[in-house]
Structure formats: structure tokens, C-alpha cells
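Every chain is numbered from 1, with letters handed out A, B, ... down the list of sequences. What you see is a predicted model, and the numbers here were worked out from it, not measured in a lab.
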Amino acid sequence: MALERKHIDYTLLAVTLLLIAIGVMMVYSSSAILAGERYGDSFYFLKREVAFVTAGIFLILIGKNIDYHLYYKMTYPILGVVLFLLFLVFIPGIGHSAGGAQRWLRIAGIGFQPSELTKLALVFYLAYALTKKGEKIRDLKTGFLPTIGISGFLIALILLQKDLGTAFVVAVAMFVMLYVAGTRLIYLASTVLAAIPALYFLIFSVEYRRKRIMAFLDPWEHQRDTGFQIIQSYVAFNSGGVTGVGLGQGKQKLFYLPAAHTDFIFSVIGEELGLIGVFFVVGLFLIFLYRGLRIAFRAPDSYGTFLAIGFTTIIISQTLINFGVVMGLLPTKGLPLPFISHGGTALLVSCLMVGIMLNISSQVTKDP
Amino acid sequence: MNKILAPKNVPIKKIRIRFAAVSVLFILSFLLLGARAFELNLSENVKLRTLAKNQYKRRVVVAPKRGNILDRNGETLAIDIKVDSVYVSPHRVQDKNELSKALAGILDLPAGKILEKISNPKRKFVWIKRRITPEEGAKINQLKLDGFGTLPEYKRFYPNGDLAANLLGAVGYDAKALSGLELSLDDYLRSQDPPMLVEQDAKGRSYAPFGLVGLEHPKQVVLSIDKTIQYVTQRALVNAVEKAKAQGGMAIVLEAKTGEILAMASAPTFDPNHYYDYEFKNWRNRAITDIYEPGSIFKAITIAAGLELGKVKADDKLHCENGAMKVGKNTIHDDHPHGLINMTEVIKYSSNICSFKIAQKIGKDKFSKIIQDFGFGSKSGIDAPGEQGGILANAKNWSTVQLGTIGFGQGISATALQIAMAYGGIANGGFLMKPLLLKEILDSEGDVLKTFSPQISHKVLEAKVAHHTIEMLKTVVEKGGTGTRAALEAYSVAGKTGTAQKVVAGQKGYAKNKYVASFVGLAPAEDPKLVVIVTIDEPKGTYYGGVVSGPVFKEIMEHSLAYLKIPPTFPDKPTKATKVAHKGPAEGTKPNKPKKLPSAKVEPVKKATAPLTTLEEGFIPIPDLTGLSVREVLRKGHTQNFKVEIQGSGICTEQEPKAGAAVAIGTPIVVECNPPI
């Protein structure tokens, strides 16, 4: 039976490319001075960003052109490879740490974050499992427990790499997927309750996380150290006003705002492009959510629906958490803004997700 | 389509509804964040605004800059060069030990000292090392630590080393003039912009987004000094002082018709690039600050006055009492006994007795008046600091004897400049000029802002009298005269020797065996172009002016006339010096090639910690102001008569110059104060 080719979701593609373009622009604006100082080349991060974007667009095309049903069959091999890479991070000599966290693999000179791949692997696994189990997911022993067991194991591995942000996003995606698949709410609620002591321990046993929480609760009290970043983020937004101080004219990136070109890039948008820029970006993500929802609704089968739901949830929840952090509504955690922040693996993974969603959109059979 | 993937037991509709519910939650979150963005971007948050304003802006003091000092031909005598200085902002330093060690390694300073300097975390600015080398700067800038930086500032540089150093003076830190023309022309030379606000990044490094605009540009000054003539003069003087093992010396080259100073040299001298290595006696511009009894060189003034007032005629004869004349309790002597001689011979043989008699003939009032007309007893008003007016007692208080001794240059004291100007008056047909040192003020681009023209002070002699006096002075260097060693081969010279006993301050009468040997003269005698005076202070051994200073005069005059291409009086006798003058000094004055003049050996002063016991006139010792409050510093400044510039408030922690140093009166002391901890 020949595959019936439909139009892909061009709106989703356009929104994604627009977000990436804003990203390239803002990465350059916010990193030029840092790059000039650190590497003697103010285009250093821009060049890197362009390289990643090129690879990312390539990945969108690959994702779009591979029939997503292939992943269904490949679920366990993919899971195996990701697990293998996650373990590899802990092997000295191969794994690298950055900022006190064991997160990186260095392969052929390119840094690589396996925890980002976990996002893909988990969505693939859950979509597969939920499709296969169907209504059986409501059953505790055969449905819920094995599923949450494997998912929880993956999340635990990410936590071991001290990547709390990614673990949190992956957990949100897991809960959303389990919930929409029809898991009993009591199971999910119990899981959350069980996780709370662990979460408390995770946060308050680690000095920097505890400090971050304290800084979040009263940033002005910790203005000189842990609260510095969030206060500087406020300053950025506040300086921006309605129209912003102008692209490239921001001052917060002059080492006032840490991680200006990565996790806190949205602050720079707030400063340089103002409320208009902020709403424009928020708007783009809302459209992204809507198109993700639309693809999930129109997917030709439940596997496609679950994939679309998973990917959309990953990207949107990460966006919301990033926004919440830079605007001081959530405690600081290292999490890039999808498509916009400068960050290698995260951008590539997000692009691949969009590619797969585009493939799903091209196989739509009928209107829901 | 792969049918296995759509098992019937998946409740697709419920999934959609549930995800729609989740999406609603997402949308609500977005709305919440949108509202938060509204609040962050639009609310008037004074706290944030103040924080932003304060962290971006910084007051910086723009490094003061000085304009160039140029000679009459535009050659540089003093310029500013850019150097970097290292500072630390202790309140930004993360690891003080690490930073101290890193800086100490590069700057060759003890780490402990740096650590001590930066230990107060509240201080925002501490100099660690001023004027570092470019190599040090390059290394400093590679340090990946926070809380320090380099600032460009300007350092005064004298490309010719000690050339005209006593005249030019020196400049300390922050473009502060310490002495010399640097001090007296400070208003022209120094730019002092008020502190300005610049933007800074979070590491405390300032940047000016639109450049520092509206900065004041210092003006340049053009002196009447000719670098080559100054070189010749200074070299000849310093050599002579060295050779005679003298205390010091001074020499001036004056353009006879305009009063322009072409050279003004003092010995010993110093290198203003390293002024701190020299004693203050080396700094003095002796040609205007040191007064001495002119001795016999004053006889020309006496005779000219006698002629001008008609009290004597050129061919009148006077009896010189055969070498000794009793006046009251004292006896006046001549070196060589003479009987009846004419006016010319009085000059030629330098008779004290006959000069005494001429002065007596003129009388107190008229003599006093004409001496003052010649410029004695009052400052000439030259643009260099520290000028003395000399001593000329009120004529009413002159004794009869004093009237006579002034006739041969005793009982009056003057600066070398005053004598040179007086001889200039004779050389210039009786018109006394005002000394001209500052010719032009230029803007930073080199365009002329102001020109100073030669000025006649007043007429002192009739042209005929001036001419007669010159004719008489010519005989001094002729055979049998006292100044034969000053004679030039190619040019006719008119001049006068002077050998005066030194008056020692605080003592009565004259010091034994302490002389001031001078020669002052003009050439070519028929049409005087230059006046040169050479005075050697306390030469050892031979002390006659004609012997000690005469040859120095000859060397300076000969080279200068040749250099200025003045046609020789006797064209058949081109001298060796004529050639040398075209070659030698010109080489020594190539720009950008600092060539040190041979200078008297000076012992570098060890850093004075206690106030100097013997201070040169015009200098004051700097007290220790550290540890005092601003109020106390100001009170001390008021009672001890020095200027204080306070920076900051609280307790004084740093001062420049340091305690124990001595500076010229009027030099401000910069005091940095910080609030007590």
C-alpha cells in the first residue's frame, strides 16, 4: 500500500524556523562581547550557533522524511543505545563535567549531552508502550508499574547526572502521557507523593540547589550572590519596557546577566526587544502548542498521537519552565529555551522532534 | 497504512480530550507568564531602576594630559606618552590571595603588600602599580581574574633627557607640574577634565559607547629656546663646572635685539624623566633664582651711566691711585696698579678704584635711578617660576663708600638674567628689552592661538653712548685685557670679565676663597646679535672670570653664531668651531633620539623619609598626612602654607608626593581619603 503523501504542517515548520532565527539573532547579540573576550572572536558563538542550526535543519528534514512507524519497531534498540550513552557519561575519560555536573560526552571533539536524548527515548518508549498496552494501562501490575518503572529509571539516570531541569521536563512529559493515555489518577498522584521526599532530599542535600531555592524565595536578600542572576534578569525586563532598548543595545549581557546567551536569553529578549518581543516569542510558542495539539488530534494512529503529545509537551513544558525561571516564578535551574538558547544537543533534539511531528502531519488521514 | 499501530482498544477520543485539558493548563501558564512579563517590563520599579542606573554608570577621572613644550623651531622639549597603570577594585575581588599572587608575579611586587592594599573589601579603587611597562600590561590583561584592571594615563617624557631641564622643570603623577615652566605655564599645558560618567560592564571595566566627547585638549607652548643653542650652552657650562669642580653655574644666550632667550642653562642639572633620583639643588634654574654680586662686569653699567649722564667723557682720564686707595677704614685695591688712564682702559684693565671714582661722580640718586632702569633690583617678569629680583638697597641708605663699591659691582646683587638683559640693553643701542621666553601658544592641532612679541622695557642709553660702551668693551678681549680668552677668531667680541667674592648668607663680609667667576659679552660687536653670560659658582683653583668663564663664553658664542649663520666679522678666519657647530650639535638634536648631555655626576638621593634638613630656597618639605582626617589635613595645609587637594572623604590614606619629599612652593599635595572601616 503506497504511502499517501499529504502536505506537512507548514505552520509548525514556519514557527520553528522563526524561533530558530530569533535564536540566532539573540545568541549573537548576547554573546558577542563574551565571545570577543573569551575567544578573541566576537562571532564565536554565532558561528557555533549557525553550525548547530544547519545540523538542526538537516535533522528536521531527516525526521520529516522517515516514516515515524519505524521508531515503533526500533523502540528497544533506541532505548538501549540511549541507556548505553547515559552510562558512558560516568566513565572517566569519556564523560565530561561542566559546572559540577556530569553531563557530557565528547565524541570526535563535539560535546554531546545524552540526557537530551533521553527526552526522545522516553517519548518513543511511552508512545510505544501506551499504544501497545491500550486500555491495559489502567491495570497496576501489567500496565502502570512496568511503564513507570522503566520511565523512572531513565529519569533517575538523568538525575544522577545532576541535570535536575531536564529530569523535571522528562517527568512532566511522562505524567502528561500517562494521564492522557488513561492511567488512573490515583496512581499518578501516589507517584507524585512518593517522589516528594526524594525531591526534597535532592534539593536540600545539595548546597547550590538549596541556595537557589532560598534565592528564589527572596532574591533581594541574596542580591550579591545566589540572587544576583534573577535580580539581573528583572533589571533586564524592567529596562526593556514596551519596545525594548533596541537589538544589540542591551547592557545586561555585559557580564551582569550570567548565561545571557544560554538559559537566560529570554531576559535579553525582554531587555532589547521589550514586551513586544516577549509577547511575540510567547505567541510563537502558543502557535507551536496549537499545531502540536492539531497534529496529535489528526495523527493517523494512536502511536502518532502519543508521539506528538510527548514532543509537544517536552518542548512546551521546557519553554514554560524556562520562562518561569527567568521571570522569577520558579527557582533557578539550568534549562535552555527551546530553539532560542544557544545549546547544541538541546537544539538538535528539538529539531528532530519537530521533524518527526512534521512526518506525522504528512500522514494525516482525515479531519478529526 | 500500518494498521497494527491503531489497535481498537486505544480510546483515541478520550486521549484527545485529556490532552486538550493539559493544553488548557499550558495556555493558562502562558497567560500567567504573559501577565508576569507585563509586570516586569512595565511596572515602575524604583529599586530595579536605581540598581540598573548605579551598576552601569561609573565616575571616572579622565587622566589629565599635558600639551607639548616645543622649542622655537618646533622641536619637542617635553611630550606626553601614554602608559598604563594597574588598579584593583577590592569590592569586586573574589579571591584576594590568588589575585595578589598573580599580580605580584607580573609586577615584581611583594604579594603581601598587594594583599594589604586590597584587604579592605569596601574600597572601590586602589592603585597597585603606576606606569607599568607594555610587557607587564600585556601579561596583566591576560589574567582571567576579576576585580582589577588597567587605566591609561599620561607620563611626561623629555626626549632630550636633561636638556634645559632646570628651565623646563618636571612633572609628577597625574600630570602635576612640580617645577619650572611646567609649573608656571601649567594653565596652558594641563588639561583637567571634570570627572565624567561612563558606562561600565559588570567586571568594572568602563567603556564609552560614543567615545569620550568634549574632552579638553591641552595647549602647546613654543619657547624662544633653540634646542641646538641650548645643547651647546648646556654642554659647555656643565663641562666647565665639572672641570673647575665648581658648586654650580649658569649661562644664558640672549638674542640682543629682541630679548628672546635662546638658551638658559644651569649646572648641576637633572634628568626630569627620573626627577626623583635628584637632589633639589639640581633642580634650580639658577640663571634666574640665584643672586650674586656681579663684580667687575657691573663696571660697564657704571661707565655707561657716567657717559649717559655726562659725568664722564670717553677720553676723560682718571687716576687709579696705583692700585690702592684708602676710603675711610677700608682700602680698595686693583689687581694691577695703574696711574692716569682713560675710560676705555678702566674697562680694559677692570680698575676698581676708577670705577669707584666714576660712581662717586654720578652720585647716589642718579646712579640708583639708572641702575634700576637697567633692570636691577626688580624681577624681569620672565615666565619661569622662582625668579629673584636681586638686592639693590634704597639709595637713601647708601653710604658714600657703598655708592663707590656698587660702581665695581659690590654691594649689589643680581641674577644672571638681569645682567644679561642689561648687557642686551647696551647691545641693542640703549633699548632695554623684556626677556621673552614664551613665544607662542598653540592649540592641540598646532594652530597658533596667541603670539608674544618682543617688548621694549624702556630706553636706558643714547645710541651713541651704547656704541661707545661697546667699543670700550671690545678692548677687554684684546691683548692686555682681562678677557682675552673670550675672544673669537672670526667675530669681534665686546664683553667684560667679573670675579666677585661670594657673600655668604648670615655672615658678615665676604667669604675667603669663594668666588663667582663671570664673563658676559656680545658679538659681533659691530652689530650685536647675541649676548651670552657665563657664571661659574665657586670654581676651585683659578677663579678669575676671564680664565674660568671666558673660554666657556667663547665656545658658546662661537658655536651659536656659526649655527645661526651670522656672517663673520673677519671672514678670512673661519674657525674650527664654525664647522663643528654645523655638524656637532645638530646631530645631538635629532628628534626622537634622546642624547644625554654630559652632566655633572649627581648622587641619587635615597628616598628621604625624614624631612630634609637643608632645603633649597623655594622648596618646602611635605609632612605626613596619612591617618589624619580631612579637616585636620586642611587645617595643616592652611597653617603650613601648602595646597591640598582632597579626593574622597574620611581618613587620609594616600598622599602624593609622599611625606619627606620636598616640592616647590605652590605644588599641591594630593590626598586620597577613604571612610574609616
Note, A:L289 side chain near B:I27 side chain (heavy atom, < 4.5 Å): yes
Student check: side-chain heavy atoms of A:V242 and B:L42 closer than 4.5 Å: yes
[atom1]/[X] to [atom2]/[Y] distance, rounded to the nearest 0.5 angstrom?
X: B:S23; Y: A:L293; atom1: OG; atom2: CG; result: 4.0 Å
X: B:L51; Y: A:Y234; atom1: CG; atom2: OH; result: 12.5 Å
X: B:L25; Y: A:S317; atom1: CG; atom2: OG; result: 12.0 Å

A:D301 vs B:I12, side chain to side chain contact (heavy atoms under 4.5 Å, CB included): CA-CA, chis, key distance, verdict: CA-CA 8 Å; A:D301 48 38; B:I12 199 78; over 6 Å; no
Step-by-step side chain to side chain contact (heavy atoms under 4.5 Å, CB included) determination, A:T313 to B:F26: CA-CA 9 Å; A:T313 304; B:F26 283 156; 3.8 Å; yes
Against chain B, label [X] side chain, backbone, both or neither, depending on which of its atoms sit under 4.5 Å from a heavy atom there.
X: A:F279; answer: side chain
X: A:I231; answer: both
X: A:E271; answer: side chain
X: A:V278; answer: side chain

Heavy-atom pair of closest approach, residues B:N41 and A:G274: ND2-C, 3.4 Å
Contact summary for B:R36 and A:M327, nearest pair of heavy atoms: NE-O, 2.7 Å
B:L33 portion near chain A, given a 4.5 angstrom heavy-atom threshold: both
Heavy-atom contact with chain A under 4.5 Å, split by part of B:K144: side chain
Taking atom [atom1] of [X] as the centre, does the number of heavy atoms from other residues, nucleotides or ligands within less than 6.0 Å exceed 12?
X: B:D108; atom1: CG; answer: no
X: B:K155; atom1: NZ; answer: yes
X: B:F30; atom1: CZ; answer: yes

Best-contacting candidate, B:K14, B:R49, B:K47, against chain A by heavy atom pairs under 4.5 angstrom: B:K47
Side-chain donor-acceptor distances from residues 173-183 of chain A under 3.5 Å, at least two apart:
from, atom 1, to, atom 2, distance (Å)
A:T183, OG1, A:L178, O, 2.6

Backbone N/O of B:S43 and side chain of A:N238: donor-acceptor pair under 3.5 Å: yes
Which of A:Y290, A:F285, A:F237 touches chain B most, by non-hydrogen pairs under 4.5 Å: A:F237
Pairs of heavy atoms under 4.5 Å with chain B: top-ranked of A:T319, A:L286, A:T305: A:L286
Listed partners of B:E116 passing salt bridge (Lys or Arg N to Asp or Glu O under 4.0 Å), at least two apart: none
